[in-house]
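Chain naming here is simple, since letters A, B, ... match the order of the sequence lines and numbering starts at 1 in each.
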Number of protein chains: 4
Amino acid sequence: MSPRRRDAEGTAAARAVRRAELLATAAEVFASQGYAATTVRKVADAAGILGGSLYYHFDSKESMADEILSTFLDDMWAGYDRVLAAGLGARETLEALIVESFRSIDRHRPAVVLYQNESKHLATSERFHYLLDSQRRFEEMWTALLARGASEGAFRADLDPTLIYRFIRDTVWVAANWYQRGGRLSADDIAKQYLAMVLEGIQAG
Amino acid sequence: MSPRRRDAEGTAAARAVRRAELLATAAEVFASQGYAATTVRKVADAAGILGGSLYYHFDSKESMADEILSTFLDDMWAGYDRVLAAGLGARETLEALIVESFRSIDRHRPAVVLYQNESKHLATSERFHYLLDSQRRFEEMWTALLARGASEGAFRADLDPTLIYRFIRDTVWVAANWYQRGGRLSADDIAKQYLAMVLEGIQAG
Amino acid sequence: MSPRRRDAEGTAAARAVRRAELLATAAEVFASQGYAATTVRKVADAAGILGGSLYYHFDSKESMADEILSTFLDDMWAGYDRVLAAGLGARETLEALIVESFRSIDRHRPAVVLYQNESKHLATSERFHYLLDSQRRFEEMWTALLARGASEGAFRADLDPTLIYRFIRDTVWVAANWYQRGGRLSADDIAKQYLAMVLEGIQAG
Amino acid sequence: MSPRRRDAEGTAAARAVRRAELLATAAEVFASQGYAATTVRKVADAAGILGGSLYYHFDSKESMADEILSTFLDDMWAGYDRVLAAGLGARETLEALIVESFRSIDRHRPAVVLYQNESKHLATSERFHYLLDSQRRFEEMWTALLARGASEGAFRADLDPTLIYRFIRDTVWVAANWYQRGGRLSADDIAKQYLAMVLEGIQAG
DNA sequence: AATGAATGAGTTTTCATTCAT
DNA sequence: AATGAATGAAAACTCATTCAT
């Protein structure tokens, strides 16, 4: 590797690192205060720079949200796709998807909160249409899985499938609002208990 | 009753009716767009009047949110209090509370959404401290009930109680985001199915 | 006419009057300082209101320029079209067009200056494409007229037609930079002298 | 000459060359987009460097405009002064000045455009007062010449002298907006035709 | 009850300029 | 000579709120 090559990579990498830092800060602030209620100045304050300086790195407040959300979704779907490609049974797939979801929350907590709270609102703009696409694909994935599980006899067939879908979806993702990395329970611990509740219920056996 | 008296009551009543209408509109808009992202003008547009005209009825945007939320919470707690006063067993109480919750969603859907999405943010202001009080009381009510149910042998004891609490809380209230009055399933239908999932799980027996 | 009808017309008219006032002020400031160098605040100051208040009447600084320019162009073309419809000879048409042009300058001086100085720049945006259309039509009108005049023997044929076109065009419109309504010479006086220069030259006979 | 000396001269010369290159680029961009609407970044982009890098060569955006304009004016006046020193008759002087003007446009097209469009605005700052001085001297030169020509019987006496002055001034300089070096007509060709129009008019003899 | 014009504080964004490297 | 990250002041624009009518 020539020194010139190394330099170029060095600065490109440094820039990417800085962007990632700033996005992490922005995501944190967006998640805790709400996207609309967060001023660019608050993000900058949290990053220790001035408001205008953010515009050296990003085009707009919106483009920060965009990058935060698309990065999260790409990573989430990569995880889901690995699970789906494994060719497991319905119940094992469900378990793996839920574990994967909690791991996504672990890695992208503020982005998940942002997604939960703002995607309906953001998706009205053309730029964020991929949020709707993701939602649609998500619903298809789950309804197909639940239908397969019901027909295979893995899941109860006496419940409304749409209701089950929403139940699982909400249950999992809302957890991003209170999950804390490094807390008492790890993401995998929580996944395990959620699975127990969802599969077996809370009623004493 | 003198005509003068009747008139006064008539206008006072008419005023109250108009306020309620406007609050219902405002709640709808706040719920669908988010409180911070909703301008007073959007609310007024939805009500068919001009922005400034809302100030004849309300002091401020905040006071609209205040009235929407406190009305909802008062009504919700009235329902809960009736249940708690009935002296039922743990499991029956849980069932009644969940039914009651879905009925609250049925009556106050936009207010519930507003509460879900904005209470953390709003509660930073003195005026909305009652939101925190309500939350605290809510958590106490549920943890007490779950503890009682576990000790009575009604609920499983192998799960983390905090987790169960959050699971139920989130599961129920997030439904306000998709619930539609007059839809395929009534609030009581949904409550019944949610109870089945929460108590028995989705796994085939 | 019902009172209701009169009211509605009254307020709509009042609004139109106010808009026109503000646009006249804005045009004056844009013309004297340049569009890009003019801040919205300067326009507002000149109108005796605050910066933000302009946004009650107009969407943006750009939309003010838009309305100023399109109003001017519509009026200018109405005048030209009347001339063209009269079916005069080439020389009489030229005279009438030049008189009409100076009258346009008289009625819309700041708009003409704005057009002269900023249209090249503004026309890069989709919204101002009509400026290019107008320019194109203007050029076609003049080159057709000059060609007709040359073939009819009214105008010299030994000069480059494009050059003559530009000569006349620039000569006329640049006058907006120094013309003053109510000054020593009226618009028609200036037109007469310009015509003398353009047609006969400044050389002593 | 010592090598050290040669180096110093070499770098000084190289620096001057680079400055000239950058000024030419800046003038081009200022002319095409307008001074106020041109960001330093756009100039830098056009030069293939970053915005901040321009400040190694120039103090400020203003000082670029300053250098562009004063270089042009110095050169223009050197040409005019040569003509005036030649002691020609009024008509020959007019011809020579117009030829000289088109040669100035040929050599400094973007600077001329900048001068035309921005000098009124720039001249409000102390630093650019020389623009006003130049204008004043320009007007004096021309009005004196036109008066001399009228009294000598070279130019018509029935036209308003101020009007003639403005007519010639505008006519010539506005051509910088469309003139292209290396186009169909050379600067001298254009000068010749302009002279024909100005002196003899466009009317068929 | 509601209008319509305005206020004024605050928000997002822009941009000339600086400076350590 | 130039880069790249920042500054800081000012710009365009937004919006809750006021108030005379």
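- Applying the side chain to side chain contact (heavy atoms under 4.5 Å, CB included) rule to D/Ser134 yields the partners D/Leu73, D/Met76, D/Trp77, D/Tyr115; only residues at least two apart in sequence or on another chain are considered.
- For D/Val113, the side chain to side chain contact (heavy atoms under 4.5 Å, CB included) test picks out D/Ala31, D/Arg109, D/Asn117, D/Ala176, D/Asn177, with sequence neighbours left out.
- When the salt bridge (Lys or Arg N to Asp or Glu O under 4.0 Å) test is applied to B/Asp74, no partner is found at least two apart in sequence or on another chain.
- Along DNA chain E, the nucleotide closest to D/Thr39 and the one closest to A/Tyr35 are compared, and the more 5′ of them pairs with A/Tyr35.
- B/Lys61 forms a cation-pi arrangement with B/Tyr35, by the criterion of a distance under 6.0 Å to the ring centre and an angle within 45° of the ring axis.
- In 5' to 3' order, the nucleotides of DNA chain F bounding all contacts with chain D (an atom under 4.0 Å from a heavy atom) are F/dA1 to F/dG4.
- Taking every heavy atom of residues 50-62 of chain A and every atom of DNA chain F, pairs under 4.0 Å involve A/Leu50, A/Gly52, A/Ser53, A/Tyr56, A/His57, by number.
- At the heavy-atom level, C/Thr38 lies under 4.0 Å from the strands shown only through sugar-phosphate atoms.
- A residue-by-residue look at D/Leu22 and C/Ala36 shows that D/Leu22 has its nearest nucleotide of DNA chain F further toward the 5' end.
- For A/Gln116, the side chain to side chain donor-acceptor pair (under 3.5 Å) criterion is met by no residue, not counting sequence neighbours.
- Not a single salt bridge (Lys or Arg N to Asp or Glu O under 4.0 Å) links C/Glu118 to another residue, sequence neighbours left out.
- Remark: C/Arg127 engages C/Glu62, C/Asp66 in a salt bridge (Lys or Arg N to Asp or Glu O under 4.0 Å) (not counting sequence neighbours).
- Contacts of C/His57 classified as side chain to side chain contact (heavy atoms under 4.5 Å, CB included), with partners at least two apart in sequence or in another chain: C/Arg18, C/Leu22.
- Every residue was checked against the side chain to side chain contact (heavy atoms under 4.5 Å, CB included) condition with C/Lys120, not counting sequence neighbours, and none meets it.
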(request) Starting at the 5' end of DNA chain F, write a dot or bracket for each base, bracketing those in Watson-Crick or G-U wobble pairs whose two distances are under 3.5 Å and using | for partners on another strand. (result) .||||||||||||||||||||
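- Under the salt bridge (Lys or Arg N to Asp or Glu O under 4.0 Å) criterion, A/Asp59 pairs with no residue, sequence neighbours left out.
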